[in-house]
Amino acid sequence: QEARSKLPTWVDDYDTKYDIVMSDDIDSFLGTVFLLHNFDNYRLNYFYSFDTLYEVEKSNNDKIYVDVDVVYNKGWGNHVTTNINKQIANLNVINNITQRNYYQKYAGSTLLTILSYYDYPIFIFGEEAQKVLLAVDCSFKGFYMPKFKEYNKKYINDVLEFDYLYQLQSKYSMNEFYNVIKKYN
């Protein structure tokens, strides 16, 4: 609840029409798919290549960047940035994580943040699907790294409230999660 209260208010706006800006990775793609499938006020209208912003059609709607931490505009993110944009729904931003306290960061996916915020019941998924969710952006990796293990627990178990995902990590080796990434490309 504490983390929820710190996120920007637009995340609870179900009436305003928003245009999604998607990038070229799986975290952005799956976050976009979730938002489009669950909210009528979103549409995919942009693709950002990190060089160019491509648009489908002209629009005056506000943009929502998914897994792209921009300096201005709204978005869902997970990256540690030097410029704090309070319109980005990002656990690292709301917890003031920067390069100086980098090892305290949320090292998980934007997708998991979105799924948790909207209380999506991923516990109903089978273990293989849950492993795939942890494979996005290598969210599992911090569990196996001494510098991040404490924060992997803090964020995945305590903040996102995905205790079953946290426990799932203890059942498998890091290599088994990398095999999931290879398996599903």
Side-chain angles (χ1 to χ4, degrees), residues 1-8 11 20 22-39 64-69 75-81 84 88-185:
Q1 291 305 321
E2 180 184 341
R4 285 177 184 271
S5 70
K6 293 179 181 178
L7 291 176
V11 298
I20 291 180
M22 185 175 72
S23 74
D24 65 351
D25 82 1
I26 194 70
D27 198 10
S28 181
F29 173 73
L30 291 175
T32 295
V33 168
F34 175 84
L35 293 170
L36 292 173
H37 182 74
N38 289 283
F39 302 104
I64 302 293
Y65 288 77
V66 179
D67 195 40
V68 179
D69 287 273
W76 285 97
N78 66 340
H79 305 96
V80 174
T81 63
I84 302 299
I88 295 289
N90 176 330
L91 294 174
N92 292 314
V93 168
I94 66 171
N95 288 304
N96 296 312
I97 303 298
T98 63
Q99 293 302 322
R100 69 176 162 67
N101 56 353
Y102 182 81
Y103 292 107
Q104 297 173 20
K105 75 175 185 165
Y106 168 60
S109 69
T110 298
L111 175 64
L112 287 180
T113 304
I114 292 170
L115 294 173
S116 174
Y117 186 82
Y118 294 114
D119 294 318
Y120 197 77
I122 63 173
F123 61 84
I124 65 172
F125 293 160
E127 206 167 86
E128 183 77 357
Q130 290 180 14
K131 285 168 39 181
V132 168
L133 289 175
L134 283 166
V136 173
D137 264 16
C138 293
S139 296
F140 62 86
K141 196 171 179 182
F143 181 83
Y144 305 97
M145 300 177 68
K147 288 182 179 180
F148 288 109
K149 188 168 179 103
E150 170 187 353
Y151 296 99
N152 175 274
K153 181 180 189 303
K154 173 186 173 181
Y155 288 110
I156 291 180
N157 190 74
D158 304 338
V159 175
L160 298 178
E161 298 180 334
F162 289 145
D163 56 323
Y164 42 89
L165 288 184
Y166 179 75
Q167 295 302 322
L168 184 67
Q169 296 172 120
S170 65
K171 291 176 65 176
Y172 296 96
S173 70
M174 186 164 38
N175 279 344
E176 288 171 299
F177 281 103
Y178 279 117
N179 287 338
V180 168
I181 292 170
K182 287 178 192 169
K183 179 179 180 180
Y184 296 106
N185 197 20

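- Counting heavy atoms from C-beta outward, Tyr184 and Glu128 have side chains that approach closer than 4.5 Å.
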Report task. Report the C-alpha distance between Leu115 and Phe162 in whole Å, list the side-chain angles of each, state the deciding distance to 0.1 Å, and finish with yes or no for side chain to side chain contact (heavy atoms under 4.5 Å, CB included). Result -> CA-CA 10 Å; Leu115 294 173; Phe162 289 145; 4.2 Å; yes
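- One distance of note links CD1 of Ile97 with NE2 of His79; it measures 15.0 Å at 0.5 Å rounding.
- The side chain to side chain donor-acceptor pair (under 3.5 Å) check on Lys105 picks up Tyr102, with sequence neighbours excluded.
- The NZ atom of Lys131 sits 7.0 Å away from the CG atom of Leu168 when rounded to the nearest 0.5 Å.
- Counting heavy atoms from C-beta on, the side chains of Ile122 and Leu165 come closer than 4.5 Å.
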Report task. Start with the C-alpha gap between Val80 and Gln99, add the side-chain angles, then the distance that decides, and say whether side chain to side chain contact (heavy atoms under 4.5 Å, CB included) holds. Result -> CA-CA 7 Å; Val80 174; Gln99 293 302 322; 3.8 Å; yes
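- Tyr120 places a side-chain heavy atom less than 4.5 Å from the side chain of Phe125.
- Here the side chains of Asn78 and Asp27 are in contact, with some heavy-atom distance below 4.5 Å.
- Two residues are said to be in side-chain contact when any heavy atoms from C-beta on lie closer than 4.5 Å; Ile20 and Phe39 fail this criterion.
- Tyr172 places none of its side-chain heavy atoms less than 4.5 Å from the side chain of Phe140.
- In this structure the side chain of Cys138 reaches within 4.5 angstrom of the side chain of Ile181, judged on heavy atoms.
- Salt bridge status for Lys154 with Glu150: absent, with no side-chain N to carboxylate O gap under 4.0 Å.
- When every heavy atom of Ser173 is checked against every heavy atom of Glu176, the shortest pair comes out as N-OE1, 2.6 Å.
- Remark: aromatic rings of Phe143 and Phe177 are distant, center separation not under 6.0 Å.
- In this structure, CG in Asn92 is found 10.5 Å from CD in Gln104, a value given to the nearest 0.5 Å.
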**Report entry** Evaluation steps, side chain to side chain contact (heavy atoms under 4.5 Å, CB included), between Asp137 and Leu112
**Finding:** CA-CA 10 Å; Asp137 264 16; Leu112 287 180; over 6 Å; no
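- Counting heavy-atom neighbours within 6.0 Å of Lys6 NZ, excluding the residue itself, gives a total above 12.
- With sequence neighbours left out, Lys149 forms a salt bridge (Lys or Arg N to Asp or Glu O under 4.0 Å) with no residue at all.
- In terms of the side chain to side chain donor-acceptor pair (under 3.5 Å) criterion, residue partners of Asp119 (sequence neighbours excluded) are, by chain and number, Arg4.
- The minimum heavy-atom distance linking Leu7 with Tyr117 is given by the pair CD1-CD1, 3.5 Å.
- The side chain to side chain donor-acceptor pair (under 3.5 Å) test applied to Lys153 returns no partner, not counting sequence neighbours.
- For the pair Asn101 (side chain) and Asn96 (backbone), a donor-acceptor distance under 3.5 Å is present.
- Closest non-hydrogen pair, Leu160 versus Ile156, comes out as CB-O, 3.8 Å.
- The stretch residues 159-169 participates, sequence neighbours left out, in these side-chain hydrogen bond (donor to acceptor under 3.5 Å, both in side chains) pairs: Asn152-Gln169.
- When every heavy atom of Ser139 is checked against every heavy atom of Ser109, the shortest pair comes out as OG-N, 2.9 Å.
- Taking the side chain to side chain donor-acceptor pair (under 3.5 Å) definition, one finds that Tyr151 meets it with nothing, sequence neighbours left out.
- The side-chain heavy atoms of Leu133 and Leu111, taken from C-beta on, include a pair separated by under 4.5 Å.
- Side-chain contact check for Thr110 and Asp67: at least one donor-acceptor pair (N or O, by modelled atom type) lies under 3.5 Å.
- When each of Ile88, Val11, Asn90 is tested with Trp76 by the rule side chain to side chain contact (heavy atoms under 4.5 Å, CB included), just one qualifies, namely Val11.
- Between Asn38 and Phe34, the shortest heavy-atom distance links the atoms ND2-O, 2.8 Å.
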Requested in this report: Report the C-alpha separation of Leu91 and Thr113 in whole Å, then their side-chain angles, then the decisive distance to 0.1 Å, and conclude whether the side chain to side chain contact (heavy atoms under 4.5 Å, CB included) test is met.
Outcome: CA-CA 8 Å; Leu91 294 174; Thr113 304; 4.0 Å; yes
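- In this structure, CD in Glu2 is found 8.0 Å from CD1 in Ile94, a value given to the nearest 0.5 Å.
- Thr32 places a side-chain N or O within donor-acceptor distance of the main-chain N or O of Ser28, the cut-off being under 3.5 Å.
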